[in-house]
Amino acid sequence: MTAHISIREVSKTYPPAKRGGSAVEAVRSVSVDVAKGEILGVVGYSGAGKSTLVRLINALEPVSSGYIEIDGVDITSLKSRQQREMRRGIGMIFQRFNLLRSRTVAGNVSYALEVAGTPKAQRAARVKELLDFVGLGDKADNHPEQLSGGQQQRVGIARALAAEPGILLADEATSALDPETTDEVLSLLQRVNRELGITIVLITHEMEVIAKIADRVVVMERGGIVEAGETYDVFTNPQSPVTKRFVATVVRALPSGDDLARLREAHGGRFFTIEFSDDSASEARVFRALNREGAEFQLIHGGIDDIRGRIYGRLLIAVHGDDDAIARAFAAVAKTIRITEVE
Amino acid sequence: MDGLEKLIDLMPQFLSDTGKTFYIVGLSMIFGGIGGLIIGTTLYVTRSGGVLANRAVQAIAGFVVNFFRPIPFLIFIAVAQPLARAIVGTGIGDEAAIVAISVAASFGIGRIVEQNLVSVDPGVIEAARAMGAGPWRIIRTVILPEAFGPLILGYTFATIAVIDMSAVAGFIGSGGLGNFAIVYGYRQYNDWATWAAVLIIVIIVSIVQALGNAWSRKVMRR
Ligand SMILES: Nc1ncnc2c1ncn2[C@@H]1O[C@H](COP(=O)(O)OP(=O)(O)OP(=O)(O)O)[C@@H](O)[C@H]1O
Ligand SMILES: [Mg+2]
C-alpha cells in the first residue's frame, strides 16, 4: 500500500538573503510517510523548518531536491496550472488565520468555493453547511475582526474544508489561542479527521497539542527529522535530547542532580520509578504488592498524563524494607508495570 | 467699476471655468487613475516574493516612474507636449492639459497605489495561493479589495493633487479655475476674481477630502 503523502529525501535551501550571506538549509533530506486518515504532528523549535516543510507539501514553495508524492502523484514536477488544481485538494489553516478583511465570514468561506469553481447557485448552501459544521452558523454576516481568535480559526477551518480536500495542513493553528480555545479548535480538528476522514498534518511547538490529537509525531531540529514514531511511544520513551525536552513540557521530568540528592537525604531508602499505561490496572497494584510484602514506601514525585486518550503515569517512590521483600513485590507486578531503580 | 461688480459680470465665465475644472480633473483622474492603478500594481506584484515576481519588469517600471515623477509639473507640461500633439492633435488647450495631467498623475498615483498595496497582509495572499488561486485572480479578488480602504484615501490625495495640476495647466491655455484666476484676477489686478477662484477650489478640495475620508472609513469599518 502506498502512503497518502510520501515525502522522500526532500531538501529546501533558500538562497542567501544578501550577497555574501550564506544560504539557509531550511529542510534537510526529510523522508516521512503520512497514511490516509491519520493526524501527523510535526513538532520543533522556532526555525526548525516546520513551516517550510508544510509549504512544500502543497507546493507553495518548490523543493530544492527530493520529491513528494500525494496519492502516488509526484507534485514537485507539476506545472503551475496543475499545482493550483492540486492545491484545491489540500486545505490549509494558519497561525494568524489569514482571513480576508474585505469579506464577511460567509464571504471568506465562499471565496474558497469561487476559487474551486463551485457554481454560484450551489455556494450559499455549501457555505451554510460549512459554517454550521464549525458552529458559526449565526456569524455568517459578521466581519472577521468582530470574531474572537478561536472563532476566526473556525472560519479558517470552514474555508479550508470548502473544496472537500483530502488533506488539511495546519501551521501553528492554535499557537495564537488561549488554552481553552486551543482545546475547542483541537476537538474540531479531531472531528474533521474522524467524521470527514481528512488526513491532517499539524505543525506546532506545543507538545500538549501533539499529546491531544496526533496519532504519530515527527520531531524536527535544524531542518532534519530527529525522531519519529507513534505519539504514545515517543512520549513514554523519547530518545533524542530535543524530544526529551519537548516531552518534559507535558510529562513532568523526574528530579535529578541536586534535587534528587536532596530528596534521597530527606527520605532515605531506595528510589524507584514506576511507569504504567492504561493496559495495566494502576499504580495501586504496586502499592498493594509492597504492602503485602511489608515494605514501606513514600510517594515522592510524579503524575498521570493523558496522551492521545491513553494513560501514562510515572511516579517516583522511596521504598524502605528488606531487599528480598521489595524484589518479590515488584516481581508480582512486573508484567504490566515497568519499575526501574533510580541510581 | 470695482472688482466685485466686475466679478459679478464675469459670473457666466466663472461658472463655465468651474465646470471646465471638473471636466479636466474628472477625465484626468479617470485616465491617470487607471494608469496609476496599472503602474502601482505592476510595481507591487513584480517585487521579489510577489505573485508575479519579475526582476526585469520591476526594474524597468521602477526606473520609468523614478525618471518622470520628480519633474516639476510646469516643466512636465512642456515635456508632454509632443505626446499631447500625438494623441489629441494639439499641444495647448484643455485636451492637451488632460493628456499631461493624466500621464503625470499616473506616475504619482502609481507610487501611491504601490504603497497602499504593500500594506496588504502577505498571509492573506498566501491563503489564497494555498486555495489554488492564480496570480491574476489574487490581484483582482484579494490584493485590490483588501487594500480598498487605503486606496480610497490615496486616490483622494491624488484628486487634490490633480486639481492643483489643473490650475497650473492654465499656463498652456487650458480653461478652468486656474486660468480664470490668472486671466481675470492676476493680469487685471482683480483680487475679487482671484479669491473667488481660490474659494471655490478650497470648497471643492474640502468636499473631495470629506467624501474620501467618509468612504474609506466605511470600507475599513472604523
Ligand atoms: N522565504 C524564506 N527565505 C529565506 N529563508 C527562509 C524563508 N522561509 C524560511 N526561511 C528560513 O528557514 C528556516 C526554517 O524556517 P521555518 O519558517 O520553516 O521554521 P519553523 O520551524 O516554521 O519556525 P517557527 O516555529 O518560528 O514558525 C529559518 O532559518 C528561516 O529563517
Ligand atoms: Mg513556522
Side-chain angles (χ1 to χ4, degrees), chain A residues 14-15 17 51 54-55 57-61 78 80-104 107-118 142-146 152 155-156 159-163 165 167-172 176, chain B residues 37 40-41 44-55 57-59 113 115-155 212 214-222:
Chain A
Y14 287 109
S51 296
V54 82
R55 297 171 83 255
I57 297 176
N58 60 357
L60 285 177
E61 293 279 354
L78 296 179
S80 58
R81 209 197 156 80
Q82 299 165 310
Q83 267 178 3
R84 293 208 288 273
E85 201 64 43
M86 175 271 292
R87 284 187 199 131
R88 285 168 201 167
I90 303 178
M92 189 168 188
I93 56 175
F94 308 84
Q95 178 169 1
R96 282 167 49 253
F97 325 126
N98 296 349
L99 302 178
L100 294 162
R101 291 178 49 86
S102 54
R103 291 187 177 222
T104 60
N108 267 279
V109 179
S110 183
Y111 185 75
L113 296 170
E114 286 166 36
V115 173
T118 308
N142 285 69
H143 280 275
E145 75 274 9
Q146 299 169 319
Q152 290 191 47
V155 177
R159 179 174 76 173
L161 298 178
I167 298 168
L168 180 67
L169 306 175
D171 189 355
E172 303 274 8
Chain B
L37 192 65
T41 307
Y44 172 72
V45 298
T46 57
R47 288 170 166 232
S48 80
V51 290
L52 287 171
N54 187 318
R55 203 175 287 179
V57 174
Q58 165 75 31
V113 168
Q115 281 160 20
N116 290 156
L117 299 189
V118 171
S119 70
V120 173
D121 177 7
V124 186
I125 297 170
E126 168 127 324
R129 287 186 63 211
M131 282 178 238
W136 295 100
R137 181 196 289 269
I138 291 175
I139 293 169
R140 222 168 10 89
T141 59
V142 178
I143 294 172
L144 294 176
E146 287 290 296
F148 194 48
L151 280 173
I152 293 169
L153 288 178
Y155 273 85
W215 192 15
S216 75
R217 210 173 300 131
K218 182 154 180 274
V219 167
M220 294 195 272
R221 296 185 298 280
R222 24 181 122 96

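Here is how names work: the chains are called A, B, and so on, in the same order as the sequence lines, proteins then strands, and each is numbered from 1.
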Indicate the atoms forming the closest heavy-atom contact of A:Arg88 with B:Gly132, along with that distance. NH2-O, 2.9 Å
Among A:His143, A:Arg81, A:Gln83, A:Glu145, who wins on heavy-atom pairs under 4.5 Å with chain B? A:His143
Tell me the closest heavy-atom pair linking B:Pro135 and A:Arg84, and the distance in Å. CD-NH1, 3.9 Å
Could you look at A:Ala112 and say if it's the side chain, the backbone, both or neither that has a heavy atom under 4.5 Å from chain B? both
Would you mind checking which part of A:Ile90 comes under 4.5 Å of any heavy atom in chain B, side chain (CB onward), backbone (N, CA, C, O), both or neither? backbone
For residues 123-137 of chain B, which residue pairs pass the side chain to side chain donor-acceptor pair (under 3.5 Å) check, not counting sequence neighbours? A:Arg55-B:Glu126
A:Leu99 versus chain B, heavy atoms under 4.5 Å apart: side chain, backbone, both or neither? backbone
Roughly how far, to the nearest 0.5 Å, is the CG atom of A:Asn58 from the CE atom of B:Met131? 11.5 Å
Contacting moiety of A:Arg159, where chain B heavy atoms sit under 4.5 Å: side chain
Of the listed B:Gly123, B:Gly134, B:Pro122, the one with the largest count of heavy-atom pairs under 4.5 Å with chain A is B:Gly123
Tell me, which pairs form a side chain to side chain donor-acceptor pair (under 3.5 Å) where one or both residues lie in residues 107-117 of chain A, sequence neighbours left out? A:Arg103-A:Glu114, A:Tyr111-B:Thr141
Check the pair B:Asp121 / A:Arg101 against side chain to side chain contact (heavy atoms under 4.5 Å, CB included), numbers first and verdict last. CA-CA 10 Å; B:Asp121 177 7; A:Arg101 291 178 49 86; over 6 Å; no
So which atom in A:Ser102 and which in B:Pro145 form the shortest heavy-atom distance, rounded to 0.1 Å? CB-O, 3.6 Å
A:Ala160: partners by side chain to side chain contact (heavy atoms under 4.5 Å, CB included), with sequence neighbours left out: A:Ile93, A:Leu168
Top residue by heavy-atom pair count (under 4.5 Å) with chain A, among B:Ala133, B:Ala128, B:Gly149? B:Ala133
Flag yes if more than 12 heavy atoms outside B:Arg55 fall under 6.0 Å of its CZ atom; otherwise flag no. no
When only heavy atoms count and the cut-off is under 4.5 Å, which of residues 44-54 of chain B reach chain A? none
